[in-house]
Structure formats: C-alpha cells, structure tokens
Enquirer: 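Take this structure first; my questions come after.
Every chain is numbered from 1 and lettered A, B, ... according to where its sequence line falls, protein lines coming before strand lines. All values derive from a computational prediction rather than experimental measurement.
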Number of protein chains: 2
Amino acid sequence: MRYCPRPHALDPARRAAKVPRQAPAAGGWGSLPPAKLHFGPFTGIFRGMPTDQVTLDATDWAIIEELQRDARLPLTELGRRINLSASATTERLRRLEAAGVVTGYHAFIDPAKVGLPVLAVIRLKFPGSRHERLHDLLAQRREIIECLRVTGDDCYVIRAAASSMAHLERVVDELAALGSTTTSVVYGAPMPYRGVCGP
Amino acid sequence: MRYCPRPHALDPARRAAKVPRQAPAAGGWGSLPPAKLHFGPFTGIFRGMPTDQVTLDATDWAIIEELQRDARLPLTELGRRINLSASATTERLRRLEAAGVVTGYHAFIDPAKVGLPVLAVIRLKFPGSRHERLHDLLAQRREIIECLRVTGDDCYVIRAAASSMAHLERVVDELAALGSTTTSVVYGAPMPYRGVCGP
DNA sequence: AATGAAAGAAACCCAAC
DNA sequence: GTTGGGTTTCTTTCATT
C-alpha cells in the first residue's frame with residue numbers, strides 16, 4: 001500500500017483500507033464516515049442515528065480542544081501542549097478517530113471572500129411528506145450548505161450562502177415550491193461557532 | 001525563532017510574527033472595521049462587517065475544496081491532487097490564508113459521543129435592546145455553540161448542545177429571561193454541513 | 001508564479017522498558 | 001506511557017526559470 005503522508009484514520013484512502021464496508025454515501029462531506037451523528041462546528045452534522053457515548057478523560061479533552069482550535073497542529077506539537085509523548089498522543093488521537101469522536105478535519109472558508117456574501121437561515125414547513133423532492137433539491141443546489149430536520153412548527157432548518165439577494169431569492173423560490181418558508185438573512189455572529197467543550 | 005512544525009499562516013504564533021500590517025480594509029464599507037465574515041461549516045461564523053471579495057481561479061478552488069474535505073491533507077499530497085508542486089501549493093495556500101479566504105482549520109467532534117446528544121436551534125426574540133446581557137450569557141454558557149443575529153421576527157438564532165432535555169431546558173430558561181424563545185430540537189441532518197464551492 | 005533541490009522536522013513503525 | 005532508533009515523507013527555504 002502506498003504510504004499515506006500524515007494519514008489520520010479519517011483519511012479516505014486509509015478508511016477504505018481499514019473500514020471494509022462503506023455505507024451508501026448520503027450527502028454532505030464526502031469523506032465523512034457513514035452513520036454519524038455530529039453537530040460539528042457551527043451547526044451540526046447529523047447523519048443517522050445517535051451512537052454510544054465515549055468516556056473521555058482530561059487528556060482526551062485537551063486533544064479535542066486543541067484540534068478544534070487548529071486541526072493542522074502537528075502531533076508532536078500537540079503532544080507537547082498536552083504533556084504527552086508523540087507516540088501516546090498519536091495513539092490517543094487514533095482511538096478518538098476510531099471511536100467516532102473526531103469525525104473530520106475541515107478548513108473554514110469565508111463565504112464573503114469567495115463571492116457568497118449573503119447568508120440566510122431558511123425554515124421550511126411541509127404540508128405532507130414530499131421529502132424526496134427536498135432531498136433532490138438539497139443535493140443539487142450547492143447554495144444550500146446545511147439542512148437540519150427539527151421538531152416544532154417547521155420541519156427543516158436550512159442554511160444557504162448566496163452571491164446576492166436576487167440569488168437567495170431564487171433559492172428560496174425553489175424551496176417555497178415544496179412548502180412554506182421563513183427566511184432570515186444573517187447580519188453577523190455575536191458568537192461565531194465554537195467547538196464543544198468538556199464538563 | 002523556534003521551528004514551528006507545519007506552521008500555516010493562521011497559526012497564532014505565526015500570525016503575530018509574519019503579518020505585520022494588515023492592509024486597510026478598502027471598498028464598500030468605508031471606515032468600518034475590517035472584520036471576518038465567515039459562514040463556516042454548518043452554520044456560519046460571522047464577525048463584524050463583510051470584507052472584500054478575492055478573485056480565485058480554478059486551482060484556488062481546488063485547494064479550497066480539498067481542504068474543506070480534509071484539513072490535515074499534507075501540502076505535498078494536496079499539490080499532487082491539483083497538479084502543482086509542493087512549493088507552489090504552499091505559496092497558493094499562504095496567499096489564501098493571508099487574504100482571509102481560509103479562516104481556520106478545525107476538527108469536528110460528534111457531540112453525542114462526548115455526552116451532548118441533545119442539539120437544538122433556539123430562536124430568540126428581543127423586546128428591547130438588552131444585548132449586553134445576552135452577550136454575557138453567550139460567553140458563559142458553553143452549551144451555546146453559536147449565535148447568529150438575523151433579520152425577521154426573531155433577533156437571534158442560537159445553537160446549543162446539551163447532555164439531556166433537562167439540561168437543554170435550563171439553557172433555554174436562561175435565554176427566556178432575556179426574550180421570548182422558540183426552541184426546535186434537532187432530529188438529524190438530511191444534509192449535514194458541506195463547504196462552499198466554486199461557481 | 002512554478003519548479004527542483006536540500007536541510008531539518010514530522011510521521012511512522014517497532015522494540016524495549 | 002515513555003524512550004530511542006531507523007526509515008520514509010513532509011515542510012520550508014532558496015536559487016532558478
């Protein structure tokens with residue numbers, strides 16, 4: 001097998017080698033493992049059913065907090081910060097990845113900088129159960145960057161990033177064909193996403 | 001200076017050392033402070049006013065897409081995938097970081113795995129302008145993992161991760177002291193967060 | 001801007017403690 | 001968990017184009 005540089009357990013190539021049976025890919029981060037329930041940075045990444053809780057000690061939490069802050073931290077430096085040898089740090093992290101505690105490492109992009117300055121939270125209320133059509137739309141419209149199914153009056157909470165209000169309008173119109181929408185444009189974040197933290 | 005392993009431009013130590021003077025924010029917002037506007041994975045990380053757009057070519061987008069998928073990808077492997085030498089790839093990425101296109105690299109954690117299986121979207125409606133009290137609460141309650149200010153009936157859209165419904169209730173009660181809340185518990189994500197993509 | 005070479009550092013594996 | 005050795009790969013710098 002080809003040597004995979006800095007090959008964390010979540011690396012697609014490595015996962016393929018180590019996790020023989022992939023569940024059918026269902027949207028979202030292509031590289032993420034199947035059947036995870038995550039509520040990752042910022043909002044949530046739910047996928048499928050919740051899984052069992054993992055017992056973590058203070059060192060595990062230190063690893064989690066460092067990597068939530070900077071996912072590109074080298075393992076040697078991470079080890080230094082948590083007062084653990086590189087080997088032990090690597091093994092801890094490997095276990096956290098294998099247990100599904102760490103679900104991925106992702107770069108964050110400023111949408112405004114790349115031409116998507118209009119961000120919105122769109123709530124969608126369904127009359128019946130045309131969920132398939134929504135799923136199709138989610139897959140196609142890349143302006144939709146997240147969709148959560150929730151309790152309450154609204155069935156779904158959707159996030160979208162658009163290049164203009166006119167662009168957002170087109171996205172909302174497509175959603176409005178499926179159910180009734182309530183759209184809120186985002187001014188800013190008094191509290192931008194921060195990762196989870198220990199007890 | 002101490003060698004900094006894999007020291008990307010966003011590394012705190014390196015940022016201080018290498019980016020002496022930020023160019024004054026030019027463009028549409030006049031004298032307003034040059035802040036970050038990100039709508040990162042899952043929800044968005046807005047902070048302050050939007051900044052200027054950056055012109056990106058197909059190679060830049062390839063870098064962005066790869067690192068959104070796996071932030072721990074080595075630069076050599078990234079270069080291989082986009083058909084560029086490691087040096088050129090590094091320089092491209094350095095520019096993207098310096099321009100504020102890439103705002104960070106973050107590990108995603110499965111909240112259910114670490115004892116926070118209850119995720120909720122809480123909308124908060126303010127009667128007046130007791131924003132300071134909200135900001136204090138946001139800073140203190142680590143269950144609140146994001147807060148967006150939005151247009152519409154509700155002033156804020158808040159995300160929270162709690163260990164139980166009783167735990168969530170306590171968080172909601174604290175918010176309800178400031179304004180009227182509407183809470184939706186998250187079932188799952190038909191479309192978990194996926195990063196932005198090019199045109 | 002991209003390339004290629006070279007030095008130092010990091011990732012990895014493994015054995016021993 | 002730690003240490004240390006040995007190997008491969010990665011990061012960074014710099015000269016070159």
Enquirer: Can you name the side chain to side chain contact (heavy atoms under 4.5 Å, CB included) partners of A:Glu169, sequence neighbours left out?
Expert: A:Asp173
Enquirer: Over how many whole Å does the gap from A:Arg94 atom CZ to C:dC13 atom P extend?
Expert: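 Roughly 10 Å, once rounded to whole Å.
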Enquirer: Take atom CG of B:Leu75 and atom P of C:dG8, then tell me their distance rounded to the nearest Å.
Expert: 20 Å
Enquirer: Rounded to the Å, how far apart are B:Arg72 CZ and D:dT9 C1'?
Expert: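 Between C1' of D:dT9 and CZ of B:Arg72: 15 Å.
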Enquirer: Rounded off to whole Å, could you give me the CG-to-P distance for the B:Leu56 and C:dA1 pair?
Expert: 12 Å
Enquirer: Kindly point out which of C:dT3, C:dA11, C:dA1 is positioned nearest to the side chain of B:Arg92?
Expert: C:dA1
Enquirer: As a test of reading the structure: which of C:dA11, C:dT3, D:dT2 is closest to the side chain of B:Leu84, going by heavy atoms?
Expert: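 Taking heavy atoms from C-beta onward, the closest nucleotide is C:dT3.
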Enquirer: What's the closest nucleotide to the side chain of A:Pro74 if the choices are C:dA10, D:dT11, C:dA2?
Expert: C:dA10
Enquirer: Note down the inter-axis angle between the two ends of the helix from C:dA1-D:dT17 to C:dC17-D:dG1, five pairs each, to the nearest 10°.
Expert: 30°
Enquirer: Take the protein atom CG of B:Leu73 and the nucleotide atom C1' of D:dT11, then report the distance between them rounded to whole Å.
Expert: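 Taking CG of B:Leu73 and C1' of D:dT11, I get 14 Å after rounding.
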Enquirer: Polar atoms only, N or O, under 3.5 Å: list the protein pairs with nucleotides 15-17 of chain C and their distances.
Expert:
none

Enquirer: For residues A:His167 and A:Val118, determine if any side-chain heavy atom of one lies less than 4.5 Å from a side-chain heavy atom of the other.
Expert: no
Enquirer: Using whole Å, report how far CZ of B:Arg95 lies from C1' of C:dA1.
Expert: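 Between C1' of C:dA1 and CZ of B:Arg95: 7 Å.
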Enquirer: Between P on C:dA1 and CD1 on B:Ile63, what's the gap in Å once rounded to a whole number?
Expert: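 Those two atoms, CD1 and P, are 12 Å apart.
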